[in-house]
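Chain A is the first sequence line, chain B the second, and so forth, proteins listed ahead of strands; every chain is numbered from 1.
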Amino acid sequence: MTPLGRRAFLTRVTLGLSGAIAALVGIPIVGYLIAPLFRTLPVDFVEVGKVADFAVGQTKLVSVRDPSPLAWAGQTADTALWVRRRQDSGPLMFQVFNVNCTHLGCPVNWQASAEIFLCPCHGGVYYADGTVAGGPPPRPLFEREWQVAGDSLRVRQAPLPTSRG
Amino acid sequence: MIRLRLLLARFAAWPGHVASWLGERFELEDSVLAVLKHPVPRELERPVGWWYVFGSATLAVFVVQIATGVGLAMTYVPAPNSAYDSLQFISHDATLGSVVRGIHYFGAGAMVVLVLVHMTQVYLFGAFKFPREANWLSGSLLLLATLAMAFTGQLLRWDQDAFWSVVVAAEQAAQAPVIGDWLAHLVVAGANVGGATLTRFYATHVFLIPAAIFGLLGIHLYLVIKRGISEPPVAGLTVDRRSYRQRYAAMLERGIPFWPDAAWRDAAVSTLVVAGIVVLAAAIGAPQLGKPPDPTVVVADPRPDWYFLGYFALLALIPPATEALVIVGLPLLAFVFLFLVPILWPDGERHWSRRPVAIAAVALPFVGYVALTVAGLESPWVPRLEGASLPASVTRGLDAPALHGAQLFIDKSCWACHQIDGSGGRKGPDLTHVASRLSRDQLIARIANGGGGMPAFAGSVTPAELDDLAAFLQTRR
């Protein structure tokens, strides 16, 4: 083994110190930047309206506000959902759909008279129960968990749905 | 009189004195001037020199983008609840705001076009070959950075289309294998598009990518000076890695200084390009914003600026099953190809006339992209959701059932995807003459059962309504 020369030693020390500086600053910055990715959403159910607001057989757009939005979020703290009331009561009473098309996320539009959801981007079509009727969507509309508490309909918060679920 | 003239002469000599003082004290002769006057091949004096101007024209527009970008950042508020209003202020109230935003907008388009023209010239001239491979590689990364700037910039408009574009971008990112979901949430900076999303895009657009561009530009320009500007190719004269450098050095022995012998052409073209951008900005102004971003308004038709329309159209036209592959695979393949170009073909023929495959590699994607852009402009795959009505020429003289059928054609959203006499969507077949193709029974079966991308309407159309719809469509011969 050849002894480490003075210059080679100093080279390693300098490179090592530079790396240490990068790590000292880099670790907190990277941690700060990727933290939002690992923040779990509160599993809150949020009220979207009174049960009586939804007539059986109808599909209606509701908006739900993020329970703890950033102060400057403005309108982006709102999310729209399609609520379909199927029955008077029971476990099949409601279907709550994300507005996002399962193809690429554009908002689908309910055509009340034709009873279909139409996506304005690439023409995805869904039936009233969210199943695919035509176009590129790979799967039915994403649904949200819901519960009836007293006289109000509550919906569970969820992240932006992707086709991988 | 004579003393006055002497005094004037002395004043007239001042600028020269100042210049030489600055030059000496700042050692400009050895640095800036030495670089500016580096020798370039003598052929660049000839008209072929006009092909060598696109890199510096791109650089000129980049400087314009920095200047206007800094100006816009003085007023733009990158917060979701204020961004839209601050942009409306810039576009409509701020003195010259519309012009500055317009320059930034047309400058962005010019950047994309000029980078591609520059790369095409370099590719067809074989200038990426030995010993300039790294010039090409750093240039490819600069193309990537330019496209990233164009995309993030469009999102900063933060109108309804921009909001949904972010959603679509996240959904596209989600198609990537394994890390898809993680990428999607990285794009929106959290679980949903919200308060954190816009600031993330803003910082990326004004700090992160520009920092990368400055670094890459440093490498790119350093290599341009160090390796020298490639001589115009001569058919039959090939690049040989053992002898090229000597040949090039000998060529520079009788070269011309870049400044000003070649630089004047760069200045002339850059002036034309920048003047064109400013004239467009002054005449047309900044692009109008759409509706304010509101996730609870579900009417949106997000589409990118014109230079991305072809890619947008491609994603709409390919079979859905291949989408994940195309969304992730195609851009990846394109950039892998770009990076491999100088590594796979570092020597041999440079002249385009001896490289037919290279010409095809430029021409085919170009023609394809133009065709896709035209398709993107027309977007026949988009159902029409607003303004549903049939012209009077269609409904005139119909009997009661057919007239009711015409109304159902609107109410049941047939119109959204089908045209009659030029009115309606174009996603499905044109029904202007449908009665000459399909019988009454065939019409009813098709409406009730759907098929070929069309929904089945049996559940939402009563038999009586079906009869009336068919009665209406049977009048279309």
Side-chain angles (χ1 to χ4, degrees), chain A residues 33-34 36-37 39-41 61-64 66 69-82 99-111 113-116 118-128 132-138 157-165, chain B residues 79-82 163-164 167-168 170-172 174-175 180-182 184-186 188-198 292-302 315-316 319-321 323-324 381-383 385 411-414 416-417 425 427 450 452-457 459-461:
Chain A
L33 286 179
I34 63 173
L37 294 174
R39 195 172 51 206
T40 46
L41 272 185
L61 188 71
V62 297
S63 92
V64 37
D66 188 335
L70 296 173
W72 56 92
Q75 288 278 10
T76 56
D78 292 330
T79 310
L81 299 167
W82 288 111
V99 293
N100 305 93
C101 182
T102 58
H103 177 221
L104 284 176
C106 290
V108 296
N109 285 244
W110 173 246
Q111 307 289 307
S113 159
E115 295 178 40
I116 50 174
L118 265 184
C119 179
C121 288
H122 302 106
V125 194
Y126 306 82
Y127 292 118
V132 179
Q157 291 297 99
L160 181 72
T162 61
S163 50
R164 290 166 175 276
Chain B
N81 60 0
S82 316
F163 176 87
W164 288 107
V167 175
V168 172
E171 296 284 350
Q172 292 187 356
Q175 309 264 348
D181 265 346
W182 190 82
H185 291 149
L186 186 72
V188 300
N192 275 300
V193 181
T197 312
L198 179 58
D294 185 346
T296 64
V297 173
V298 291
V299 178
D301 179 17
L315 295 186
E323 236 158 46
W381 54 84
V382 172
L385 298 177
D411 292 346
K412 298 295 180 186
S413 299
C414 312
C417 296
K427 184 167 170 57
M454 172 168 162
F457 283 90
S460 59
V461 178

Side chain, backbone, both or neither: which part of [X] has an atom under 4.5 Å from a heavy atom of chain A?
{"X": "W164(B)", "result": "side chain"}
{"X": "L186(B)", "result": "both"}
{"X": "A184(B)", "result": "side chain"}

Is [X] in contact with chain B via its backbone, its side chain, both, or neither, using a 4.5 Å heavy-atom distance?
{"X": "Y127(A)", "answer": "side chain"}
{"X": "A128(A)", "answer": "neither"}
{"X": "I116(A)", "answer": "side chain"}
{"X": "C119(A)", "answer": "backbone"}
{"X": "V108(A)", "answer": "backbone"}

Most contacts with chain B, counted as non-hydrogen pairs under 4.5 angstrom, among [options]:
{"options": "L70(A), D78(A), N109(A)", "result": "N109(A)"}
{"options": "P69(A), P107(A), S63(A), G135(A)", "result": "P107(A)"}
{"options": "C101(A), C106(A), P120(A), G134(A)", "result": "P120(A)"}
{"options": "P137(A), P136(A), G124(A), G74(A)", "result": "P136(A)"}

A side-chain contact here means heavy atoms from C-beta on lying under 4.5 Å apart; do [X] and [Y] qualify?
{"X": "P159(A)", "Y": "H185(B)", "answer": "yes"}
{"X": "W110(A)", "Y": "L61(A)", "answer": "no"}
{"X": "L385(B)", "Y": "V299(B)", "answer": "no"}
{"X": "Q157(A)", "Y": "V64(A)", "answer": "yes"}
{"X": "M454(B)", "Y": "V125(A)", "answer": "no"}

Examine the side chains of Q111(A) and S413(B) and answer whether a donor and an acceptor come within less than 3.5 Å of each other.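 Looking only at side-chain atoms, S413(B) and Q111(A) do form a donor-acceptor pair, the distance falling under 3.5 Å.
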Any chance you could measure L315(B), atom CG, to C121(A), atom SG, to the nearest 0.5 Å?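 If we round to the nearest 0.5 Å, L315(B):CG and C121(A):SG are 11.5 Å apart.
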Heavy-atom pairs under 4.5 Å with chain A are the metric here; pick the option from P319(B), A79(B), G190(B), A316(B) that has the most.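 The candidate making the most pairs under 4.5 Å is A316(B).
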Is S460(B) reaching over with its side chain to a backbone N or O of E115(A), donor-acceptor style, under 3.5 angstrom?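 Such a contact is absent between S460(B) side chain and E115(A) backbone.
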For the student: nearest non-hydrogen atoms of A80(A) and V99(A), plus distance: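 Looking at all heavy atoms of both residues, the closest pair is O-CG1, 3.4 Å.
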